[in-house]
Amino acid sequence: MSETAPETGPAPVTESRTTVSAQSRVQFVGTGPGDPALLTLAAVSAINRAQLLVLGSPRHRALLEADGVQLRDDVRVLTACPTGSADLPHHHEGHGEHGGRCEDVTSALIEAADRGLEAVRLVTGDPFLDGDIGAEAAACARADHDVDVIPGISPLTAVPEYSGVSLHGHDVQIIGPAAADRDLTQPGHPWAAHGLIVVSVAAGQVPVLVEHAIASGRSKDEPAVLTRHGGTTEQVSTTTTLAALPRVVPLTRVDADEMVHVVIGQVVESPAREDLDWFESKPLFGWSVLIPRTRDHSATLPSRLQGYGAHSLDVPTISMEPPRTPQQMDKAIHGLVEGRYEWVVFTSANAVRAVTEKLDEIGLDARAYSGLRIAAIFESTVNALAEWGVRPDLVPSGEQSTAALAAVFPAFDDVLDPINRVFVPRADIATESLSAELSELGWEVEDIVGYRTVRAAPPPAETREAIKTGLFDAVVFTSSTTVRNLVGIAGKPHKHTVVAAIGPHTAETCQEHGLHVDVVAAEPTLDSLADALADFAARRRDELTAKGLPVIRPSQRRRRGRPVA
């Protein structure tokens, strides 16, 4: 007979907690200073798993469009708001809409964890350095749930880097908003009299900041850098002296409650800051770029443009609708499954989605393509296939067009090819030239309208006004259709707006609509289009500098008299 130790203490409770916490946890995720590219891999992974996602501020919605972020279909999204604020609507397009009072955020996290759901709370910067999450985390722990913290890049160290200030090799005092509020109001908290000081403070507190720094032993003539919107494409950094900082704030047109970053110390007076000003010297820094898009749109182009310092606005120009007579498409999809075709040719991501949706309707997945050969053109089409786990067998190199695809498409061989049929799903407005070229190669082509394209609804009135009056610095067209539809729903871009086209055919369409084309991509890819626009902006900047003219954005040329350049 074996002996057992007598039960003592709360063993059953401990066992229960272990069982629950294995599935229920609350994660506090640092998001960095605001640049979506600075999300860590761990942060992206947590966001993608979240079933309850609490945004720390409305600005966190931009992070949901970051590369790699793919929210669950069943995610519930809430937006936290400052203590004492009024109710705030909470919604993320394509996911559940849920309201709730601000003070209920912690309760929502605990409730989700009680149900075994993945609860994620986004925090600007680093959770324990920048975020006031102590009370929330403690409440979750007291509710018997595991608490995980995913560190993020703190604006207190990142913004000086974005401003070209090197903190290396210096004694640095870092003062966050909470510490600044305490120190500025209590005389017993002097700051360091030497070395560098990095302070995050409300813009309205800058005059008090100056008084406190001088009272702490800093010289009023010490150099200082004030940065607003740090780490974003709207960043503005101004180098001045400590005593002159209050005069800088009105020039930046900030609200009194807006957080700004100030660096005080001798290092900022060195020419090295100008040499290290890597962020605000990007070729497209501060440019506002309009992207008329189709459903083929991906995050590739906005992300590439942001890498050059631009911020972009997507304007949908096309909507997809089912074909008016869907019987042909239904028959083709069943034929695809039953082995009727040797090849399926995709000429757009929309065509991929049209076929995918039909396969979904009958409960099939990517295995339906087994035994078929797949041909495709365009990077977006290849990416759409990859999302379904399908790799095309044939993609032309270089030029991406139906003519290029036909040039490399194999001729039908009645010995090697068991079936001679090719399925080409296309839009109702697409030409049938590819089908004719494949027929000449001996194939029997079934050219089927898989979807209809219609113009999207016009953008908001303020967007239309910005397009017509030149508030956008550039517009990038990714197809002839986007040119025609943008002009149709919003009017022609202003003459000072730089026009960039993805290829010669798109450029021709721009010219047919009275637009002067400034940039044509070297290759018909989204990356090449962004690169070409950045090269144009860099050459333009160098030309203005060589002429001794101020380097202004195209949208800033709207003034009386002759244009600057």
Side-chain angles (χ1 to χ4, degrees), residues 28-44 46-47 53-69 79-80 82 120-133 149-168 172-180 196-203 205-206 224-238 252 254-255 257-264 268 273 276-282 284-286 302-303 305-312:
F28 293 87
V29 177
T31 65
D35 184 348
L38 295 184
L39 281 177
T40 65
L41 293 175
V44 171
I47 293 171
L53 183 63
V54 178
L55 311 182
S57 74
R59 290 193 174 192
H60 281 164
R61 294 194 181 278
L63 302 176
L64 305 186
E65 306 299 328
D67 287 347
V69 172
T79 303
V120 173
R121 168 77 151 94
L122 301 187
V123 183
T124 298
D126 180 82
F128 281 170
L129 180 57
D130 305 291
D132 183 17
I133 65 161
V149 176
I150 297 178
I153 298 174
S154 172
L156 287 166
T157 55
V159 172
E161 291 191 33
Y162 274 88
S163 305
V165 175
S166 174
L167 305 181
H168 177 72
V172 181
Q173 182 179 21
I174 295 178
I175 303 170
L196 298 182
I197 299 179
V198 180
V199 191
S200 178
V201 68
Q205 289 282 79
V206 169
V225 175
L226 184 143
T227 303
R228 58 177 295 224
H229 302 313
T232 74
T233 54
E234 299 176 5
Q235 174 177 306
V236 178
S237 298
T238 305
T252 61
V254 296
D255 295 328
D257 294 334
E258 179 183 329
M259 300 307 297
V260 297
H261 287 79
V262 178
V263 181
I264 304 169
V268 299
R273 193 186 97 77
L276 297 176
D277 188 14
W278 61 274
F279 188 58
E280 294 180 42
S281 62
K282 290 188 174 188
L284 293 175
F285 185 81
S303 177
L305 291 170
Q306 185 180 35
Y308 286 118
H311 51 274
S312 60

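Note that these values count all heavy atoms, side chains included, but never hydrogens, waters or copies made by symmetry.
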Chemist: For the residue pair T124 and D130, establish whether any side-chain heavy-atom pair is separated by less than 4.5 Å.
Modeler: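 Side-chain contact under 4.5 Å: no.
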Chemist: Treating S163 as the side-chain partner and V165 as the backbone partner, does any N or O pair qualify as donor plus acceptor under 3.5 Å?
Modeler: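 Looks like no, no N/O pair under 3.5 Å.
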Chemist: Could you walk me through whether V198 and I175 pass the side chain to side chain contact (heavy atoms under 4.5 Å, CB included) test, one step at a time?
Modeler: CA-CA 6 Å; V198 180; I175 303 170; over 6 Å; no
Chemist: Enter the distance from R228:CZ to S237:OG here, rounded to the nearest 0.5 Å.
Modeler: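 Separation between the atoms: 10.5 Å.
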Chemist: Which atoms form the tightest heavy-atom contact between S200 and M259, and what is the distance?
Modeler: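 For S200 versus M259, the nearest heavy atoms are OG-CE, 3.6 Å.
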Chemist: To the nearest 0.5 Å, what is the distance between CG (D126) and OG1 (T157)?
Modeler: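 Separation between the atoms: 8.5 Å.
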Chemist: Do other residues, nucleotides or ligands put more than 12 heavy atoms under 6.0 Å from the CZ atom of F128?
Modeler: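 Not more than 12 within 6.0 Å, no.
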Chemist: Does a side-chain heavy-atom distance below 4.5 Å link L64 with L53?
Modeler: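 Yes; the side chains approach each other to less than 4.5 Å.
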Chemist: With heavy-atom distances below 4.5 Å as the criterion, would you say the side chains of V69 and L63 are in contact?
Modeler: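 No, their side chains stay 4.5 Å or more apart.
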Chemist: Heavy atoms only: give me the nearest H60-T31 pair and the separation to one decimal.
Modeler: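 Closest heavy-atom pair between H60 and T31: NE2-OG1, 3.3 Å.
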Chemist: Please report the interatomic distance CD(Q235) to CD(E280), rounded to the nearest 0.5 Å.
Modeler: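 That separation rounds to 4.5 Å.
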Chemist: Mind checking whether F279 and Y162 have parallel, tilted or perpendicular rings, split at 30° and 60°?
Modeler: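 Judged by the thresholds at 30° and 60°, the geometry between F279 and Y162 is perpendicular.
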Chemist: Taking all atoms of both residues into account, what is the closest heavy-atom pair of L55 and R61, and its distance?
Modeler: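 So the two residues come closest at CD1-CG, 3.6 Å.
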Chemist: Kindly indicate whether the side chain of P127, heavy atoms from C-beta on, has any atom under 4.5 Å from the side chain of R121.
Modeler: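 The answer is no; the side chains never approach within 4.5 Å.
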Chemist: Taking the side chain as everything from C-beta on, heavy atoms only, tell me whether H229 gets closer than 4.5 Å to E258.
Modeler: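 A side-chain contact under 4.5 Å exists here.
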Chemist: Which atoms form the tightest heavy-atom contact between V120 and A46, and what is the distance?
Modeler: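 Closest approach of V120 to A46: CG2-O, 3.6 Å.
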Chemist: To the nearest 0.5 Å, what is the distance between CG (L129) and OG (S154)?
Modeler: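 It is 4.0 Å, given to the nearest 0.5 Å.
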Chemist: For side chain to side chain contact (heavy atoms under 4.5 Å, CB included), just list the numbers for I47 and L122, CA-CA rounded to whole Å, side-chain angles, deciding distance to a tenth of an Å, and then say yes or no.
Modeler: CA-CA 9 Å; I47 293 171; L122 301 187; 3.9 Å; yes
Chemist: What are the two closest non-hydrogen atoms of A66 and L39, and how far apart are they?
Modeler: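 Closest pair (atom of A66, atom of L39, distance): CB-CD1, 4.0 Å.
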Chemist: Write down the atom of P155, the atom of P160, and the distance for their closest heavy-atom approach.
Modeler: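 Closest approach of P155 to P160, heavy atoms only: O-CD, 3.7 Å.
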Chemist: Could you walk me through whether D35 and Q306 satisfy the side chain to side chain contact (heavy atoms under 4.5 Å, CB included) test, starting with their C-alpha distance in whole Å, then the side-chain angles of each, then the deciding distance to 0.1 Å, before giving a yes or no?
Modeler: CA-CA 9 Å; D35 184 348; Q306 185 180 35; 3.7 Å; yes
